[in-house]
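Basis for what follows: all heavy atoms, side chains included, without hydrogens, waters or symmetry-related copies. These numbers come from a predicted model, not from an experiment.
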Amino acid sequence: MSKRYYIETMGCQMNEYDSDHLSRILEDSGYLRASAPEQADFVLLNTCSVRAKAEQKALSRLGRLASLKRKNSRLLLAVAGCVAQQRGVELLERFPGLDLVLGPREIGSFRGILGKAEKGGMRVAAVDVHGTPGSFLGGFEYFQHRVKAYITIMEGCNNFCSYCIVPYVRGRETSRLPQELLDEARSLALQGVKEITLLGQNVNSYVNEKMRFPGLLQAMNEIKELHRIRFTTSHPKDLSPELIQCFAHLEKLCSHIHLPFQAGSNRVLKAMKRGYTREKYMDLIGELRNARPGIAVTSDVMVGFPGETDEDFEMTLDLIRRVEFDNLFSFKYSDREGTPAAKMEDKIPEPQKLARLDRLQELQRKITLKKNRELIGKNLEILVEGRSKKGQSLAGRTANNKVVNFINDKRYINQLINVTIKRASFNSLWGELTSLRC
Ligand code: SAM
Ligand code: SF4
């Protein structure tokens with residue numbers, strides 16, 4: 001009987017991309033995909049540790065998965081991703097049922113480690129932060145039959161924002177070779193992928209002796225079979241004039257940028273070591289909107305950074321009102337062990353963080369709804385991805401990353417179609433079909 005594997009992915013798109021590589025290695029090694037962990041011989045949890053809550057969620061899920069060993073002693077259980085990197089061998093001690101701990105830069109060694117683990121009796125923590133990440137392995141044929149795909153173009157981060165664990169668990173910035181990325185994108189496009197999202201913790205600091213990020217976008221734009229290009233996540237301090245000009249000239253580059261601002265107070269931005277001011281951030285938004293009128297802007301923001309006063313928080317709300325983001329991912333600051341912010345004084349009490357988060361989210365809800373309603377009556381192109389969350393209609397995304405639901409007709413799945421927007425809510429839009437592009 002064939003061996004089966006099950007992978008569960010938490011956290012960011014880079015983890016999803018890594019999970020694809022791990023799946024491919026498992027399938028090359030003779031495993032078939034299982035639809036539930038109970039049916040698998042190999043179970044892997046790919047984790048995120050960027051916030052305390054994500055780490056707690058990962059550890060409690062790992063505990064539940066480890067209990068499967070009681071029913072199936074031959075099961076191999078592995079944990080990958082940022083929690084694996086951060087906690088390493090400690091996880092083997094805490095979870096006796098765990099066999100493998102695999103850091104994000106050990107995916108290159110996974111095939112060999114798997115072979116040894118299958119022979120039995122070996123528990124391994126592989127967490128070399130200088131090793132080979134999944135994205136450097138190639139082998140993208142695995143991703144066929146998709147209409148959207150991710151390509152990780154660089155790994156790691158050199159910025160060391162004072163609150164962030166990423167540089168410690170993902171290592172220093174390493175960019176992939178441009179030719180390899182272009183070959184991967186072309187191959188995906190020839191397999192039917194219409195939209196590619198270029199990924200990196202700090203994607204716009206992509207650099208190679210032959211090309212920087214704007215050059216890479218330009219070259220991707222020339223791939224004939226590709227329809228849409230996106231990228232995430234960008235850092236405001238690395239958003240060069242050349243990159244902003246890409247939005248003016250590259251027709252395949254989608255009208256959307258995710259540009260985290262984190263805080264609206266210059267004092268807090270400095271304590272976070274972000275490397276820009278609120279004024280600089282707002283200037284960048286102005287330049288982006290000049291280069292590509294109507295561009296959607298989304299962002300990440302935190303409340304309750306150590307020492308954040310009421311005035312600092314009001315500055316954050318003020319920036320949100322001025323910029324009018326299309327959407328925001330908002331978080332309560334949480335201590336991450338080993339980061340400078342975790343050692344700072346003047347921690348904000350949880351109830352105060354929650355009250356600030358509620359106020360911020362309420363403000364953003366109104367802005368998002370207003371922006372979505374402005375689209376009523378507009379004719380927009382969407383890439384149809386499949387059924388909507390509730391399953392009663394199909395859902396697709398506009399170039400500026402808004403979800404549009406429309407009639408349930410599976411002929412349109414994976415197609416680029418035009419719809420007229422009829423209704424708008426906070427979460428999504430409702431459209432009616434106007435035309436189909438092949
Ligand atoms: N590289 C991106 C940037 O420069 O903003 C962010 C990547 S981080 C994985 C995703 C988001 O998690 C951050 O933008 C930040 O808002 C949030 N985050 C990071 N560390 C956090 C912490 N200690 N507490 C709460 N939120 C945090
Ligand atoms: Fe973390 Fe992003 Fe700052 Fe890097 S740039 S340290 S990933 S928040």
Side-chain angles (χ1 to χ4, degrees), residues 1-11 14-47 58 61-144 152 155-156 169-171 174 176 180 184:
M1 223 173 68
S2 308
K3 301 175 286 186
R4 299 209 165 250
Y5 76 95
Y6 181 83
I7 295 186
E8 200 167 298
T9 308
M10 297 173 152
M14 293 182 73
N15 269 6
E16 285 180 39
Y17 187 75
D18 284 350
S19 289
D20 279 337
H21 280 282
L22 291 162
S23 301
R24 184 171 58 79
I25 294 168
L26 284 158
E27 289 181 17
D28 285 353
S29 311
Y31 283 81
L32 297 176
R33 192 184 284 263
S35 51
E38 292 76 15
Q39 291 151 16
D41 307 283
F42 182 93
V43 173
L44 184 140
L45 183 67
N46 200 354
T47 59
R61 183 65 183 140
L62 195 55
R64 265 177 287 139
L65 290 172
S67 70
L68 292 176
K69 278 254 171 147
R70 278 188 234 125
K71 287 187 203 130
N72 176 5
S73 59
R74 285 179 43 240
L75 171 77
L76 285 176
L77 179 63
V79 59
C82 295
V83 176
Q85 183 64 42
Q86 198 190 348
R87 300 281 165 209
V89 78
E90 183 191 319
L91 293 174
L92 292 179
E93 288 155 15
R94 181 162 168 185
F95 298 99
L98 186 62
D99 299 285
L100 298 180
V101 179
L102 194 75
R105 293 215 171 192
E106 287 280 11
I107 297 178
S109 344
F110 176 56
R111 198 184 292 272
I113 296 174
L114 175 68
K116 287 187 192 144
E118 281 176 327
K119 291 196 183 111
M122 205 186 74
R123 298 177 78 215
V124 180
V127 287
D128 179 2
V129 84
H130 308 290
T132 312
S135 61
F136 283 67
L137 296 180
F140 33 83
E141 303 78 13
Y142 175 78
F143 307 105
Q144 56 199 327
T152 295
E155 296 268 354
V169 290
R170 291 265 174 183
T174 329
R176 293 177 62 196
E180 189 185 296
E184 182 164 342

*Evaluate the criterion side chain to side chain contact (heavy atoms under 4.5 Å, CB included) for residue pair V79 and R87; output intermediate values, then yes/no.*
CA-CA 11 Å; V79 59; R87 300 281 165 209; over 6 Å; no
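- Closest approach of A125 and G88 over heavy atoms only: CB-C, 4.2 Å.
- Shown here for A126 and I113, the closest heavy-atom pair between the two residues is CB-CD1, 3.6 Å.
- When each of L114, N46, L22, V124 is checked for a side-chain contact (heavy atoms from CB on, under 4.5 Å) with L102, only L22 meets the rule.
- Between the side chain of D99 and the main chain of L77, a donor-acceptor pair closer than 3.5 Å is present.
- Distance check, rounded to the nearest 0.5 Å: CG of D18 to CG of L44 gives 10.5 Å.
- With values rounded to the nearest 0.5 angstrom, Q86 atom CD is found 12.5 Å from R170 atom CZ.
- In this structure a side-chain-to-backbone donor-acceptor pair under 3.5 Å is missing from E38 to L68.
- Distance alone, capped at 3.5 Å, is enough to place a donor-acceptor pair between the N15 side chain and the T47 backbone.
- Going from atom CG of L91 over to atom CD of Q85 covers 11.0 Å, rounded to the nearest 0.5 Å.
- Rounding to the nearest 0.5 Å gives a distance of 7.5 Å between CD1 of I107 and OG of S19.
- A salt bridge links R61 with E8: the distance from a Lys NZ or Arg NE/NH1/NH2 to an Asp or Glu carboxylate oxygen falls below 4.0 Å.
- Taking both residues in full, the closest heavy atoms of L98 and R123 are given as O-NE, 2.8 Å, listed atom of the first, atom of the second, then distance.
- The shortest non-hydrogen separation linking S67 to R64 is OG-O, 2.5 Å.
- Summarising the geometry, atom CZ belonging to R94 is positioned 8.5 Å from atom CG belonging to L62; distances are rounded to the nearest 0.5 Å.
- Atoms CZ and CG, from F42 and L75 in turn, are 9.0 Å apart once rounded to the nearest 0.5 Å.
- Residues A84 and G103 share a closest heavy-atom pair of CB-N, 4.5 Å.
- Among R74, K3, R111, the one residue that satisfies the salt bridge (Lys or Arg N to Asp or Glu O under 4.0 Å) test with E118 is K3.
- Taking both residues in full, the closest heavy atoms of I7 and S23 are given as CD1-OG, 3.6 Å, listed atom of the first, atom of the second, then distance.
- With T174 as the partner, the side-chain hydrogen bond (donor to acceptor under 3.5 Å, both in side chains) test is satisfied by one option alone out of H130, R105, E155: R105.
- At distances below 3.5 Å, at least one donor-acceptor pair connects side-chain atoms of R176 with backbone N or O atoms of T152.
- Side-chain atoms of L76 and L100, non-hydrogen and from C-beta on, never get closer than 4.5 Å to each other.
- A side-chain N or O of E27 and one of Y5 form a donor-acceptor pair less than 3.5 Å apart.
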